[in-house]
Every structure is written in C-alpha cells, then in structure tokens.
Protein chains: 2
Amino acid sequence: MASMNEQVVPEQRVIPRQQRSLATVDVILEAAAQVLEITGEAGFNTNAIAERAGVGIGSIYRYFPDKHAILVEMGRREMARVGAELTIDPGPKAGSLAPDRQAIRTFLRAFGERTRARRVVVLALLGQLSAGELQAAFAQAEAGMASRSGTPLDRIQLFVLSRALLGAMRAAVLEDADFLLSQQFEDELVLLSRTYASAASRRLYD
Amino acid sequence: MASMNEQVVPEQRVIPRQQRSLATVDVILEAAAQVLEITGEAGFNTNAIAERAGVGIGSIYRYFPDKHAILVEMGRREMARVGAELTIDPGPKAGSLAPDRQAIRTFLRAFGERTRARRVVVLALLGQLSAGELQAAFAQAEAGMASRSGTPLDRIQLFVLSRALLGAMRAAVLEDADFLLSQQFEDELVLLSRTYASAASRRLYD
DNA sequence: CAACGATATGAGCAAAGCTCCGCTTTTTTT
DNA sequence: AAAAAAAGCGGAGCTTTGCTCATATCGTTG
C-alpha cells in the first residue's frame, strides 16, 4: 500500500511537482504543529491550520486525504528526525553487546529531546497515531536490535523486546514521568533489554 | 476528580436513582458496543448509538458528559471483567516467585478472551483511551507486581516493568499478532518479567 | 391525588471536516 | 513569444455530527 520513494504525500492525493507546492506542504505542517502547541488538541481543526498557514482549506485537502493524514505525516517527519540520530549514531566497532545499549540510549535521548522541544506535538502523535502508523518509524530501531551480534532472537521475542521498550518509553512520555530524561530510566531500559535478550536467546523458560 | 463509590456515572452528570435509568445506561453502553462492532469506528456516532439503543439523544447526554465518556465507561467495564479474573485468581500459597507468573498468565488470557469476544471494542478502547484512563484499570495488576515476595523494586523499576508488559500486550492486540494467545508469547512475557525483576532488584546495571 | 423531582425526547444549533469549481501561476508546446 | 495545458490555489458552502434546551412524561412521596 505505502509507496517507497515519494517523500511527502500519503494516499491518493496529488504528488507535488513544483517547488511552490512542496513549500505549501511544509507551511501546512509547520502551521499544524503550531496550532497544536498553541491551542492544544481541542483547537486542532483544519480551518485553524489553514488560517495560520495562510493558505486556503482546499490547499490542505489537495495534499492530505483527511485531517488525520496531517498528523501521520507530522509523525513521520518527527520520527525521521529521531531515526536520523540513530544512523548517525557512532556505532561501536568492537563487536561486543554494546550496540543495544548505545542504540537505546541514543533513541531515548533523541525522543526526550523532541518531547522537550515539541511536547504537545509528541503527545498528540503518540496518543493519536495507530500502532501501524508508528511501526514504520520504529522499524529502524527494531532492525538494529535484530542485527545485534551474539543474540539471535525469533520474531516473537523480537516483538516482545521492541514493544516492551517502546511501551515503557511511550508511557513515560504520555504520563509525563519526571524521570524521562534521567540516567536511571535509561539504565533500567538497557537492563531490561540486556537481561531479556540474554535469557531469551538461550530460551530459559522457567 | 474521580468519585470512588458510584458505579456508573462519570463526571458532572446526574446520578441515576431509579432502576429505569440504570437500565437506560446499560442499554446505551450495549448499543454503543454493537454500533462499534457493526459499523466500525467510523460509524461510531451519538445518533447511531441513540437510534440503536432506542432512546433519545438527550438521554445519552443525561448520563455521559460527552461521546468520549461512553468509551471510557465501556473501557472501565471491560477492564473490570479482566480485573475480576485476577482477584478470583487462585493465588499460590507457597511464597515462591509464582505470583508474577500466574498473574501475568491470567491477565493475558483474560485479555485475549475479551479480545476474541469483542475485538473491535477492545481495539477501539486501547486505541482511543488515554494512558491515564487505562491506568486505573491496570493499577490492580501493578499492585500485584509490587507486593511480590522477594523482589523490592523502586518506583521507576515498577513503572518500567508494568509499562513494558502492558506495551507488549497492547501492541499484540493492536497489531493483531497471531501469537497473542500462544503459549510462547505467555512464556516470553513471564521471562521478561522474571529476568528484569531479578536483575533490577539487585541493581545489576552494566 | 396533588405536586414535585427524576427521566426521556428530538428538533435544531454550532462547529468542523471536506468538496467543488472557478481563478491564478507555472510549465510545456509550437 | 504566444498559446495551450498542467499544476496550484482559494474559500463559499454542503454535510455530518456532537451536543443543548425547551417540553413532555413517569414515579414517588405525603
């Protein structure tokens, strides 16, 4: 269903070809983020977005099939930022168990930073986007865990590990946990990942 | 904010006193569930609910402050069913590590059963209800983990453990994982819980 | 049975998502 | 460079939907 190489437009809408239209899309998304920050989710409506962006409502619906798609694209871009930090991430050469920990820490910090910068936006995205819509964004991180050196996990184990980590991070953001950016929280997530991966790869059930 | 002893009515709405009104609330909630199952989230609107329930729209708003509150109450009742199974749960007498595992298994199975019975409803609830709205429902399970015999966890560790488990279950339901009711999935969650709790209580960071 | 609170109703209001079609700008064609 | 075609833009207004409110009926109590 999802295309792989266009940058911007979801679903059966027009693909922008001129620079003008790409700029319009950017303006709309930026306005949407601002509306969200200023008026909260309650005031997040298409008219307000159009007005703030200085474009007609029609222009929004030229590029987005519906209002929700705006959120989806915002999420995609937000997560791309976080994902980018993961790839830039100074992957350790020494083939120890280190990759996990480093990736988790990087991911968590990038996540935390975005939350600080755009709290309401991240909240809305985590709250409104479906699992599938967020999944693609996290696929990168998941792949990282899979390709870890010494611990081959099957698909169920990989699922459990990635969703458990995501669930803890998600909850910390949504519930506004004061320890989101703390050292201990990072440590706990790393510990969780490490202990489970180790036991799971050896299938130490009971 | 939340009251503690009324059974039915959220927020600043009228508390029903006559049997008739209690029945009305039940009828509305059942109709809401049916509308959700039949027409999906798209068709989940107040008019449809009222029509299916055979009551006026006004009657809905007599007992629910807004549409979302209907979902919240549905969630509360759904979770109460799951929670009930937890308390009935044959808690093991021998003070081993068993409580966790048993609770997790019971919880997961009850969860899975409700999902089979009312798939769309559970999906909508997990998708639409906020963390805080679901939190109360899971408080019981969390308390169970806290009062486990030999492993004292601090609040961050408890948060990580409970949200990680919930995150994995939630994702399995939302993403329609085929292994939701499988033995291995249960085993993995128990393993996750056991390995992390053990290491965390001894603070084995790195 | 009178009177009053509790319960029920549904027309209709207000707000918001979204369409439609005419207008303007940019690109392509000849 | 003019004309034609394509792409982009706008906003009045249609439609849906959440929700209110004035009115009517039911149930209970003295």
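Atoms considered below: every heavy atom in the structure, side chains included; atoms not considered: hydrogens, waters and symmetry mates. Chain letters run A, B, ... following the sequence lines, proteins first and then strands; every chain starts at 1.
One can place CG of B:D66 at 15 Å from C1' of C:dA15, the figure rounded to the nearest angstrom. Between A:I28 atom CD1 and C:dC18 atom C1' the separation is 14 Å, expressed in whole Å. B:I60 places its CD1 atom 10 Å from the P atom of D:dG18, with the value rounded to the nearest Å. In this structure, the NE2 atom of B:H68 is 16 Å from the C1' atom of D:dC19, given to the nearest Å. With rounding to whole Å, B:L22 atom CG is found 15 Å from C:dA8 atom C1'. Atom CD1 in B:I49 sits roughly 16 Å away from atom C1' in C:dG10 (whole-Å rounding). One can place CG of B:N45 at 16 Å from P of C:dG17, the figure rounded to the nearest angstrom. Remark: P of C:dG17 and OH of A:Y63 are 20 Å apart, rounded to the nearest angstrom.
A salt bridge (Lys or Arg N to Asp or Glu O under 4.0 Å) check over residues 27-37 of chain A, counting only residues at least two apart or in different chains, returns the pairs A:E30-A:R118, A:E37-A:R118. Pairs passing the ring-ring contact (aromatic ring centres under 6.0 Å, His included) check and including a residue from residues 30-57 of chain A, sequence neighbours excluded, do not occur.
Note on B:T24: a side-chain N or O is less than 4.0 Å away from OP1 or OP2 of C:dA8. Distances shorter than 4.0 Å separate some side-chain N or O of B:S59 from OP1 or OP2 on C:dT9. Taking only side-chain nitrogens and oxygens, B:T46 never comes nearer than 4.0 Å to OP1 or OP2 of D:dC19. Side-chain nitrogen and oxygen atoms of A:R62 include at least one within less than 4.0 Å of the OP1 or OP2 phosphate oxygen of D:dG8.
Using a 4.0 Å heavy-atom cutoff across all strands shown, B:N47 reaches at least one base atom of the nucleic acid.
Sequence order on DNA chain D of the closest nucleotides to A:G58 and B:G58 puts A:G58 first from the 5' end.
The aromatic rings of B:F159 and A:F185 sit perpendicular, their planes meeting at an angle over 60°, well past the 30° parallel limit.
In the set C:dT7, D:dC9, D:dG18, D:dG18 carries the atom at the smallest distance from any side-chain atom of B:K67. The listed nucleotides are C:dA16, D:dC9, D:dG11; the one nearest the side chain of A:I57 is D:dG11. The nucleotide whose nearest atom lies closest to any side-chain atom of A:S21 is, among D:dG8, D:dC19, C:dT9, D:dG8.
No donor-acceptor contact under 3.5 angstrom links the side chains of B:Y196 and B:Q157, judged on distance only.
For the pair A:F107/A:M169, a side-chain contact is recorded, criterion being any heavy-atom separation below 4.5 Å from C-beta on.
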